[in-house]
2 protein chains.
Amino acid sequence: MKLISGKIVERLARYRTFLTEQAPGHRTHLFSHEIAAAMRTADSQVRRDLMAIGTQGVPRHGYEVDALMEKLDQALCLDRTHAVAVVGAGHLGRALIAFLEASRSTLCIKAAFDTDPATFGRVYSGVKCHSMASLEAVTAREGITLAILCVPASAAQGAADQLVGAGIRGILNFAPVALRVPVNVALEELVITTYLEKLAYFTTHPSKERRNGRHEER
Amino acid sequence: MKLISGKIVERLARYRTFLTEQAPGHRTHLFSHEIAAAMRTADSQVRRDLMAIGTQGVPRHGYEVDALMEKLDQALCLDRTHAVAVVGAGHLGRALIAFLEASRSTLCIKAAFDTDPATFGRVYSGVKCHSMASLEAVTAREGITLAILCVPASAAQGAADQLVGAGIRGILNFAPVALRVPVNVALEELVITTYLEKLAYFTTHPSKERRNGRHEER
DNA sequence: TCTTCTGTGTGATTCCGATCACAAAGAAGA
DNA sequence: TCTTCTTTGTGATCGGAATCACACAGAAGA
């Protein structure tokens with residue numbers, strides 16, 4: 001299977017959550033236009049995306065839900081587990097731990113890290129918090145490949161460097177700083193204020209509708 | 001000033017946080033290539049974006065930081081305040097309140113809402129929590145136009161409907177559900193697992209670098 | 001078995017965003 | 001003042017993503 005573009009991967013991930021959200025076994029088949037309606041895209045878009053992962057549908061019946069889920073898991077590499085670390089056990093970090101642990105999946109939080117000694121050894125939602133000094137050791141021991149970064153902006157780059165040094169492969173950054181990481185480390189910037197500001201812009205403008213990437217209105 | 005595309009708005013917001021992050025008054029002027037380097041884009045991209053909001057630079061000197069900030073605030077409508085509500089005062093909701101209140105800006109959280117009676121009347125990081133029943137009244141009283149939605153997936157659509165009914169103009173959704181809202185309400189879906197899954201995909205693939213939208217590697 | 005009708009698979013096209021490349025501006029130095 | 005050199009502003013170009021449009025598949029019903 002060839003490499004899929006980021007845009008498509010993102011939509012595939014969304015289709016997947018949509019499917020899991022549907023009552024399991026409620027419908028054995030779904031039409032592309034049904035998925036499209038839920039996702040606010042065109043049906044042809046959905047078909048194209050599903051084609052990219054080699055899914056087959058049947059005319060007049062649509063796509064078989066179970067087979068589709070399997071293909072999606074496989075394409076998104078969610079058929080194996082991924083060990084995740086949360087760096088920064090402040091409010092946001094702990095909230096994310098609780099949030100992600102609740103939605104049990106193959107993305108499994110294995111450890112938290114912080115600089116505050118008061119947090120060392122504490123357990124949040126079943127996840128133990130370690131000192132930043134032990135990051136490399138714990139990461140290696142637990143086989144952690146992904147990190148969620150929710151430290152203050154001033155500490156973000158330093159923490160990122162440390163993560164890269166520890167061999168992390170991907171970082172999800174919540175700190176309002178544009179991080180610099182090597183090319184071989186995947187980086188996803190999720191600065192919340194950015195999206196709030198985007199909302200502020202589109203709500204205060206007498207805008208005709210506008211649709212793109214993440215921003216959708218209807 | 002004409003309507004700016006979502007992509008550009010997003011980058012403008014990022015330029016803005018980059019500028020605020022710079023020591024104020026440290027440099028009076030910045031070159032497009034300096035901003036570009038920090039943002040991991042091309043300098044021509046930065047110039048194009050700044051052109052879209054009518055900023056003027058001077059050859060050999062770059063862009064004046066203060067003037068640029070002013071233009072950005074104006075373009076992004078951040079020169080007026082926007083009242084924001086947080087719906088769902090669980091871990092995530094409270095973390096976001098703390099996080100956003102810390103970074104004081106013109107985006108100001110005015111109220112929180114929850115269904116749990118235990119939260120009614122409580123104050124989190126200076127923000128008072130109300131019952132969902134009082135949503136419409138409080139929203140109107142406080143002039144709230146934006147909402148951050150962090151309720152469980154099952155409650156998300158209902159809460160969204162209520163928000164729309166209360167006249168909210170934009171929703172930032174953290175619940176893993178594709179919401180349906182009227183066209184005139186701006187919607188930004190920020191489902192965290194989606195981005196984690198995207199990371200999982202790109203870290204487990206022997207991918208050549210790939211760059212697009214939010215996903216950037218270097 | 002044959003026809004019909006609905007939904008898939010996909011080439012063709014359109015649209016939009018990013019990049020390139022270069023002319024114009026204008027500060028610095030002679 | 002004139003030349004030089006760097007950075008801006010922007011038309012032109014490129015590429016990729018979304019949309020369109022339609023041939024094809026095949027289930028349902030006669």
Side-chain angles (χ1 to χ4, degrees), chain A residues 1-15 27-65 67-68 71 198 207-218, chain B residues 1-15 27-65 67-68 71 198 207-218:
Chain A
M1 181 158 323
K2 46 193 311 178
L3 188 67
I4 302 171
S5 90
K7 281 266 178 67
I8 297 182
V9 170
E10 208 172 305
R11 279 196 302 268
L12 289 175
R14 271 203 246 278
Y15 300 159
R27 288 274 301 277
T28 89
H29 290 254
L30 281 177
F31 297 128
S32 61
H33 64 81
E34 291 177 304
I35 302 177
M39 296 293 127
R40 286 185 238 90
T41 5
D43 50 354
S44 58
Q45 175 83 82
V46 173
R47 290 198 298 273
R48 267 250 139 76
D49 292 339
L50 296 187
M51 229 180 54
I53 58 171
T55 317
Q56 295 258 85
V58 264
R60 273 186 94 98
H61 273 233
Y63 297 85
E64 207 214 316
V65 176
L68 182 50
K71 275 279 188 186
K198 207 168 150 189
S207 76
K208 287 289 95 197
E209 80 216 284
R210 172 139 289 291
R211 155 177 312 231
N212 80 333
R214 232 98 147 215
H215 183 83
E216 331 231 311
E217 297 161 69
R218 45 185 0 244
Chain B
M1 182 158 324
K2 47 194 309 179
L3 188 67
I4 303 172
S5 91
K7 281 268 178 68
I8 297 181
V9 171
E10 209 172 304
R11 278 196 302 268
L12 290 175
R14 271 203 245 279
Y15 300 159
R27 288 275 302 277
T28 87
H29 289 254
L30 281 177
F31 296 128
S32 61
H33 64 80
E34 291 177 304
I35 302 177
M39 295 294 128
R40 285 187 238 92
T41 5
D43 50 355
S44 59
Q45 175 82 82
V46 173
R47 290 198 298 273
R48 266 251 138 75
D49 291 339
L50 297 187
M51 227 179 58
I53 57 171
T55 317
Q56 296 259 83
V58 263
R60 272 185 95 96
H61 272 233
Y63 297 86
E64 207 213 317
V65 177
L68 181 50
K71 273 279 187 187
K198 205 168 152 190
S207 77
K208 289 287 96 197
E209 79 217 285
R210 173 138 292 290
R211 156 178 311 231
N212 79 331
R214 232 99 148 216
H215 183 84
E216 331 230 312
E217 299 162 67
R218 41 183 7 239

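Numbered from 1 within each chain, the chains take letters A, B, ... in sequence-line order. We use all heavy atoms of the structure for the numbers below, so side chains are in, but hydrogens, waters and symmetry mates are not.
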I want to check one thing: is the phosphate of D:dT7, taken as OP1 and OP2, less than 4.0 Å away from some side-chain N or O of B:S32? no
Please tell me if the side chains of B:Y63 and B:R47 come closer than 4.5 Å, counting only heavy atoms from C-beta onward. yes
Distance criterion of 3.5 Å, no angle test: do you see the side chain of A:R60 paired donor-to-acceptor with the base of C:dG7? no
Take atom CG of B:D43 and atom P of D:dT6, then tell me their distance rounded to the nearest Å. 15 Å
Report the residue (A:R48 or A:V58) whose heavy-atom-nearest nucleotide on DNA chain C is the more 5′ of the two. A:V58
Consider the side chain of A:Y63, meaning its heavy atoms from C-beta on, and name the nucleotide among D:dA18, C:dG9, C:dA18 that approaches it most closely. C:dG9
Does any non-hydrogen side-chain atom of B:I35 lie less than 4.5 Å from one of B:D49? no
Looking only at C:dT10, D:dA18, C:dA18, the nucleotide nearest the A:M51 side chain is C:dT10
Quick one: does A:L12's side chain get under 4.5 Å of A:I4's, heavy atoms only? yes
Would you indicate which nucleotide in C:dG7, D:dA18, D:dA28 comes nearest to any side-chain atom of A:H61? D:dA28
B:L50 atom CG is separated from D:dT10 atom C1', nearest whole Å, by 14 Å
Nucleotide of C:dT8, D:dT7, D:dG9 approaching A:F31 most closely (side-chain heavy atoms): C:dT8
Given C:dG17, is OP1 or OP2 found less than 4.0 Å from the side-chain N or O atoms of B:S5? yes
Flag side-chain contact, heavy atom, 4.5 Å: A:Q56 against A:M51: no
Rounded to whole angstrom units, what separation is found between the NZ atom of B:K7 and the C1' atom of C:dT19? 14 Å
OP1 or OP2 of C:dG17 less than 4.0 angstrom from a side-chain nitrogen or oxygen of B:R11, does that happen here? no
From CD1 of B:I8 across to P of C:dA18 the rounded distance in Å is 7 Å
A:M39 vs A:R14 side-chain heavy atoms within contact, under 4.5 Å: yes
N or O in side chain of B:Q45 less than 4.0 angstrom from C:dG17 OP1/OP2: no
Atom-pair distance (CD1 on B:I4; P on C:dG17), nearest Å: 12 Å
B:D49 or A:G57: which one's nearest nucleotide on DNA chain C is closer to the 5' end? A:G57
Could you check how far CG of A:L30 sits from P of C:dG7, rounded to whole Å? 13 Å
Give a yes/no answer on whether the side chain of A:Q56 brings an N or O atom under 4.0 Å of OP1 or OP2 in C:dG9. yes
Could you check which of D:dT10, C:dA18, C:dG9 has an atom nearest any side-chain atom of B:R47? D:dT10
A:S44, nearest nucleotide to its side chain (from D:dT7, D:dT19, D:dA28): D:dT19
Indicate yes or no: at least one non-hydrogen side-chain atom of A:Y15 is less than 4.5 angstrom from one of A:L50. yes
In whole Å, what is the span from the NE2 atom of B:H29 to the C1' atom of D:dT6? 15 Å
Atom CD of B:E64 and atom P of D:dT8: how far apart are they, to the nearest Å? 14 Å
